[in-house]
K.L.:
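Okay, here's the structure, questions in a sec.
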Amino acid sequence: MGMATDYDAPRKTDDDTESIQALQERVPDKLSGVVDVDDADNPGFELAGQDLSDLDLDVVVLPPQEDEFTCVSCFLVKHQSQFDHKTDLGPICIECAA
């Protein structure tokens with residue numbers, strides 16, 4: 001049988017002998033002015049093997065319909081059945097009035 005291992009004991013390896021200066025050189029400087037190209041607010045999605053860069057998308061924008069209104073609180077276009085009340089600024093939907 002083998003000897004028992006104390007998993008809580010600190011383990012030393014060859015990597016632990018690096019100096020603080022060597023570690024600091026590996027960490028990028030936060031104030032270096034390097035711009036992160038990956039925009040977290042606008043993530044890019046890659047489709048497997050499909051290049052859609054030359055594809056033109058047609059979007060049809062409909063004008064406001066007679067049975068719709070735009071809520072002045074959430075600025076969403078809602079059906080008339082979602083109307084709650086009208087203020088001095090304009091109509092309020094049920095969700096915003098709650």
K.L.:
Is it the case that atom CG in Asp54 sees more than 12 heavy atoms from other parts of the structure closer than 6.0 Å?
P.N.:
yes

K.L.:
Which atoms form the tightest heavy-atom contact between Cys93 and Cys71, and what is the distance?
P.N.:
N-SG, 3.4 Å

K.L.:
Sequence neighbours excluded, which residues qualify as side-chain contact (heavy atoms from CB on, under 4.5 Å) partners of Asp6?
P.N.:
Asp8, Ala9

K.L.:
Please check if the number of heavy atoms outside Gln80 that lie under 6.0 Å from its CD is greater than 12.
P.N.:
yes

K.L.:
Could you state whether Ile92 and Leu89 fall into the same hydrophobic cluster, counting links through intermediate Ile, Leu, Val, Met, Phe, Trp or Tyr residues with side-chain heavy atoms under 4.5 angstrom apart?
P.N.:
yes

K.L.:
First locate atom CD of Gln82, then atom CG of Leu76, and finally report the distance between them rounded to the nearest 0.5 Å.
P.N.:
10.5 Å

